[in-house]
Amino acid sequence: MNDAIEWTSLARTFGLFTVTAVAELLGCYLPMLWLSNKGSAWLLLPAAISLLIFVWLLTLHPAASGRVYATYGAIYIATALGWLWLVDGITPAWTDITGVALALAGAAVIAMGHKTA
């Protein structure tokens, strides 16, 4: 039963990290569109809202520690490459996919390797 609870907690954390990464990416992408003359200054409003949501989501992360942020970093990398494919329309190369797999494997080692007694 404890394993099921641990996996549920891990899935929730993974989901939270993914939503946090999307908010961060969106908050940075929209101003980039405006700065590159591909969108109006009105894009800055949803960008600011997205970054506010990003900061709020950070407060929901399990702990503000290097270990948590290292794991979030791997999820961010995976989400950013998903963004590259879905938003920018660029198919990730095999090296991108390998890099994401290595980052996620490292995150799994960090997340699963540290057990508190």
Side-chain angles (χ1 to χ4, degrees):
M1 185 70 160
N2 259 352
D3 285 340
I5 293 170
E6 187 173 316
W7 282 108
T8 302
S9 175
L10 189 62
R12 277 193 199 124
T13 301
F14 177 83
L16 175 62
F17 284 1
T18 302
V19 171
T20 303
V22 169
E24 184 177 3
L25 285 164
L26 184 62
C28 295
Y29 181 75
L30 295 176
M32 188 271 313
L33 287 177
W34 172 66
L35 288 169
S36 62
N37 294 320
K38 295 179 183 173
S40 80
W42 285 105
L43 290 174
L44 297 177
L45 183 62
I49 293 168
S50 183
L51 288 173
L52 287 171
I53 292 169
F54 162 69
V55 171
W56 173 71
L57 288 168
L58 284 177
T59 68
L60 302 178
H61 287 203
S65 70
R67 187 175 288 118
V68 170
Y69 288 131
T71 305
Y72 167 70
I75 304 302
Y76 180 86
I77 292 167
T79 305
L81 283 177
W83 185 280
L84 175 75
W85 183 38
L86 296 171
V87 175
D88 293 332
I90 299 170
T91 303
W94 73 268
T95 51
D96 298 325
I97 295 166
T98 302
V100 166
L102 288 170
L104 291 173
V109 169
I110 291 168
M112 300 303 289
H114 179 71
K115 305 272 186 198
T116 56

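Heavy-atom basis, side chains included; hydrogens, waters and symmetry copies ignored. All figures in this text were calculated on a predicted structure; none of them were measured in a lab.
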Nearest-0.5 Å distance that lies between atom [atom1] in [X] and atom [atom2] in [Y]:
{"X": "Leu81", "Y": "Asp96", "atom1": "CG", "atom2": "CG", "answer": "5.0 Å"}
{"X": "Ile75", "Y": "Tyr69", "atom1": "CD1", "atom2": "OH", "answer": "14.5 Å"}
{"X": "Leu104", "Y": "Thr71", "atom1": "CG", "atom2": "OG1", "answer": "10.0 Å"}

Checklist entry - Run the side chain to side chain contact (heavy atoms under 4.5 Å, CB included) check on Thr20 and Phe54 step by step: do they pass? => result CA-CA 5 Å; Thr20 303; Phe54 162 69; 3.5 Å; yes
Linked, directly or transitively: [X] and [Y] (ILVMFWY side chains, under 4.5 Å):
{"X": "Met32", "Y": "Leu44", "answer": "no"}
{"X": "Trp85", "Y": "Leu25", "answer": "no"}
{"X": "Ile90", "Y": "Leu26", "answer": "yes"}
{"X": "Tyr76", "Y": "Leu102", "answer": "no"}
{"X": "Val22", "Y": "Val100", "answer": "no"}

Next on the checklist: Can you give me the closest heavy-atom contact between Ser50 and Ala23, atom names plus distance?
Outcome noted: OG-O, 2.6 Å
Checklist entry - Looking only at heavy atoms, which two atoms of Pro31 and Ala47 are closest? And how far apart? => result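 Heavy atoms of Pro31 and Ala47 come nearest at CD-CB, 3.5 Å.
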Next on the checklist: Could you go through Thr91 and Leu84, starting from their C-alpha distance and side-chain angles, then the distance that decides it, and tell me whether this counts as side chain to side chain contact (heavy atoms under 4.5 Å, CB included)?
Outcome noted: CA-CA 7 Å; Thr91 303; Leu84 175 75; over 6 Å; no
Checklist entry - Cluster partners of Trp56, using ILVMFWY side-chain heavy atoms under 4.5 angstrom, listed by chain and number? => result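 Direct or chained contacts put Trp56 with Leu16, Val19, Leu45, Ile49, Ile53, Leu57, Leu60.
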Item to check | Those residues that, when tested against Asn37, pass side chain to side chain contact (heavy atoms under 4.5 Å, CB included) (two or more places apart) | outcome: none
Checklist outcome for this item: Across all chains, not counting sequence neighbours, the side-chain hydrogen bond (donor to acceptor under 3.5 Å, both in side chains) partners of Tyr72 are Glu24
